[in-house]
Structure formats: C-alpha cells, structure tokens
Amino acid sequence: MRVAVFSTKPHDRRFLDVANEQVRLELIYLEPRLSEETAALATGAGTVCVFVNDDVNRKVIAQLRDLGVRFLALRSAGFNHVDLAAAEAAGIAVGRVPAYSPHAVAEHTVALMLTLNRKTHRAYNRVREGNFALDGLLGFDLNGKTVGIVGTGLIGEIVARIMTGFGCRVVAYDPAPNPRCVEQGVQYLPIGDLLAQSDVVTLHCPLTPATHHLIDDNALSTLKRGAMLINTSRGAVIDTRAVIRGLKNGTLGSLGLDVYEEEADLFFEDLSNRIIPDDVFSRLLTFPNVLITGHQAFFTEEALRAIAQTTIDNISGFEREGQPLHPVRSEVMRQGG
Ligand code: NAD
C-alpha cells in the first residue's frame, strides 16, 4: 500500500525506514503539514500518516475520501486534531499509537519542574559569562511539597511515581481514578481542592471538550497563590491569555509549557530568522518565570522507535485485516478521550 507521510522530519524518516525494513510499505515522505491546501499530495495513497499538528478537519477528510484514502495512521497518542465523526462517516479508519514511551513525557515534565524551580537554564548562561551571582536563582525543596496531577493515565501515573520518589505528597484529579496510583498512596481530590492545595500542578489529561481551557481565570482564582503550573498535554487545556493575567498578578508563580494552543504555526520549524506574529506567545517569552519547550516531551530514541514500529504495525494490520492494530474506537470517540 502507498502511504503518504505528512509532516516528515529527518528523524521520522530515519525511524520509519528501520521499522519498515521487513514489511516494505511504499512510504512517500512529504514535508508539508496536512491541510486543505496540501491534501492533494495524498493522490494515489491508500493511507495517510500524520503527526500532532496536521489538521485533519471535516473538509480535509472529504478531500481524502475523494482521493480514495481508507486509513489514517496517527503517529501520536492524542487524536484531538482529527474529526473522528467525519472520518467514520467517510469510511476512513483511524489508528493511533496509544503508548510509545510515557516515560519520555513524564521525565520531560519533571525536567521542566526542576529547571523552572532551580533555574538551571539561567545559571547555565550566567556561568558561561563569568557571572557567579546567586540573586534570582532561589528555588524551593520539592521534598514535602504537594504535587497535583490532572489526568493519571499512562503518563500521569509515572509522574506520580517520580514525584513520590522526591518525597512529595501527590494528589490527583481524574474522572477515572487509576487503581495503581491509589495503591501508591495518591489521594484523589475534586479539581478545585487539587488547585487550592498543590504547590505544583501538572496536566496529563487529553484535550477534549471537557478539558478545553480547563485552566482558565476561574481555575486560576482557586489556585494556591504562587503555584507552579506545568503543561505537557495539549496547549488548549490552558487558556493562555488567562495564565498571562495570572503571571502578571502573581497568582501563578511559574509556568512550564511543552505545548501551546496556537503551536501549529510555530513548533517543529526553525523560525529564528523570522518575526513571530503571535503576540500572545511573544508575551509569554518575556516572563523570567516561564519556560517553554517546543513539543519535545516525546522526543527520545525509545519513543521514536516505538512510534515508528506501531505506525508500521497499524498500517500493515489494516492492509491485512482491514483493521489497524490500535484503532481509535467509536466508544473512545464518544468519551472524547
Ligand atoms: P492516557 O489516555 O493514558 O491518560 C489520560 C488520562 O486523563 C486518563 O486517565 C483519563 O481518565 C484522564 N482524563 C480524561 N478526561 C479528564 C478530565 N476531564 N480531567 C482529568 N483527567 C481526565 O493518556 P497519556 O498517554 O497519559 O497521555 C496524556 C496526554 O499527554 C495525551 O492525551 C496527549 O495529549 C499528551 N501527550 C503529550 C506529548 C508531548 O510530547 N508533549 C506526548 C504524548 C502525549
């Protein structure tokens, strides 16, 4: 089967080529993101393979259906960028990579917490310039602090384990509590109590209608004053304008982001010689207590190997049996996560 692979970067090609050695699918590597403007590049392909910032909306689905595409292979766990109802109606099956390396994302989350708290990013630059002053580098002990985890699935569970190891009290909010977290001693609380009690809040829920702008002005008004907020889930779980207000008035002590609600026009590209037109993002960059990485939490050798292997397995499974190994099921669609 011919597979049109959108948003291809050199690392995608490297890992997909290795995973494809035995199966030998015809992979057509395309650098553009999938959108209404680029969907025609899938002409002749039975499968389209996409990443997190490809826009698989209703119109794109209709275009793909007209081109004869029958399978959409997501190189991601999240599927908020796909109109699943439209895909189902168009007879296009959708497969995803439900778990590649939750450790990769959990460990990057903790890297953001530690960097923001101990300001190692600022210390690195200072020391290189011969500035050994400590002013502005004061942090706090994580030991004994309360960490609130919103969403205790694969990634949230690992974050809970790591933070328990730091000596933190770990509390969580999840409509479906994870029994392994309960066994570890994680205490489930209503979201308002979690926000009020936590020194660090970290988001690990999917982006759904229920979690869209979960952290808004109202949520920030219940947050413990000066708390740290970390988001490695999806950008739109946070109302960015509200957190900017929170940073300005001191409600929010610090902010670590790996995702941003308007990231599709920025992330994964080298824009260092361009003017960034997004004033909200640019404002975020001006705060000394904000740390942003460009959606790299997943970016480890182990995760890329697993993403490539599961993607190839999904496509060859669909080719053989008309079903990917890991379908995005209709019951999941109804729950939205
Ligand atoms: P998962 O499906 O294993 O866990 C998600 C958890 O969120 C589940 O326990 C679910 O019950 C819970 N949840 C659902 N709705 C909720 C709500 N309204 N409030 C609180 N919790 C809710 O997913 P995962 O593998 O742990 O991944 C979590 C998210 O991380 C993904 O949805 C994805 O958006 C994001 N992610 C980011 C990166 C990255 O590179 N930054 C990589 C992978 C995944």
Side-chain angles (χ1 to χ4, degrees), residues 77-78 80 98-118 139-208 210-216 218-234 237-238 243 251-259 291 297-298 300 302-303 332 335-337:
N80 52 282
Y100 33 97
S101 173
H103 295 279
V105 184
E107 290 171 13
H108 189 78
T109 302
V110 178
L112 288 178
M113 277 181 210
L114 292 175
T115 308
L116 257 183
N117 177 23
R118 304 307 298 269
F140 57 84
D141 285 9
L142 275 165
N143 180 52
K145 296 295 184 301
T146 299
V147 174
I149 301 182
V150 179
T152 49
L154 292 169
I155 296 168
E157 179 187 337
I158 297 171
V159 173
R161 220 162 43 225
I162 297 173
M163 298 323 294
T164 303
F166 271 96
C168 296
R169 169 181 174 239
V170 179
V171 298
Y173 168 72
D174 192 313
N178 178 337
R180 287 183 301 277
C181 288
V182 175
E183 268 170 38
Q184 273 178 53
V186 173
Q187 186 188 356
Y188 281 89
L189 297 175
I191 182 90
D193 293 348
L194 178 147
L195 294 172
Q197 293 181 25
S198 299
D199 301 287
V200 177
V201 174
T202 181
L203 306 175
H204 301 291
C205 53
L207 175 61
T208 67
T211 62
H212 183 264
H213 286 186
L214 182 74
I215 304 299
D216 58 6
N218 187 38
L220 289 169
S221 71
T222 59
L223 191 73
K224 182 169 181 176
R225 191 170 173 81
M228 176 189 289
L229 175 65
I230 305 283
N231 187 12
T232 61
S233 64
R234 285 290 180 267
V237 176
I238 283 182
V243 296
T251 311
L252 197 55
S254 56
L255 175 68
L257 299 179
D258 186 53
V259 288
L291 177 63
F298 73 99
T300 65
E302 291 79 359
V332 175
Q335 287 166 11

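Count residues from 1 along the sequence.
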Side chain [X], main chain [Y], donor-acceptor under 3.5 Å:
X	Y	value
N117	G139	no
N231	L257	no
D174	A176	yes
T211	P206	yes

[Y] side chain reached by [X] side chain, heavy atoms, under 4.5 Å:
X	Y	result
V147	D199	no
T232	V259	no
K224	L195	no
V201	S198	yes
M228	L255	no
Y173	C205	no
I230	L203	no
T146	V171	yes

I215, L214, L220 screened by side chain to side chain contact (heavy atoms under 4.5 Å, CB included) with I238, the one that passes:
I215

Test side chain to side chain contact (heavy atoms under 4.5 Å, CB included) on V159 and H204 and set out the steps.
CA-CA 9 Å; V159 173; H204 301 291; 3.7 Å; yes

Using the test side-chain contact (heavy atoms from CB on, under 4.5 Å), find all partners of R180 that sit at least two apart in sequence or belong to another chain.
E157, N178

With a sphere of 6.0 Å drawn around CZ of R169, does it hold more than 12 non-hydrogen atoms of other residues, nucleotides or ligands?
yes

Between V170 and Q187, does a side chain to side chain contact (heavy atoms under 4.5 Å, CB included) hold up when you go through it step by step?
CA-CA 7 Å; V170 179; Q187 186 188 356; over 6 Å; no

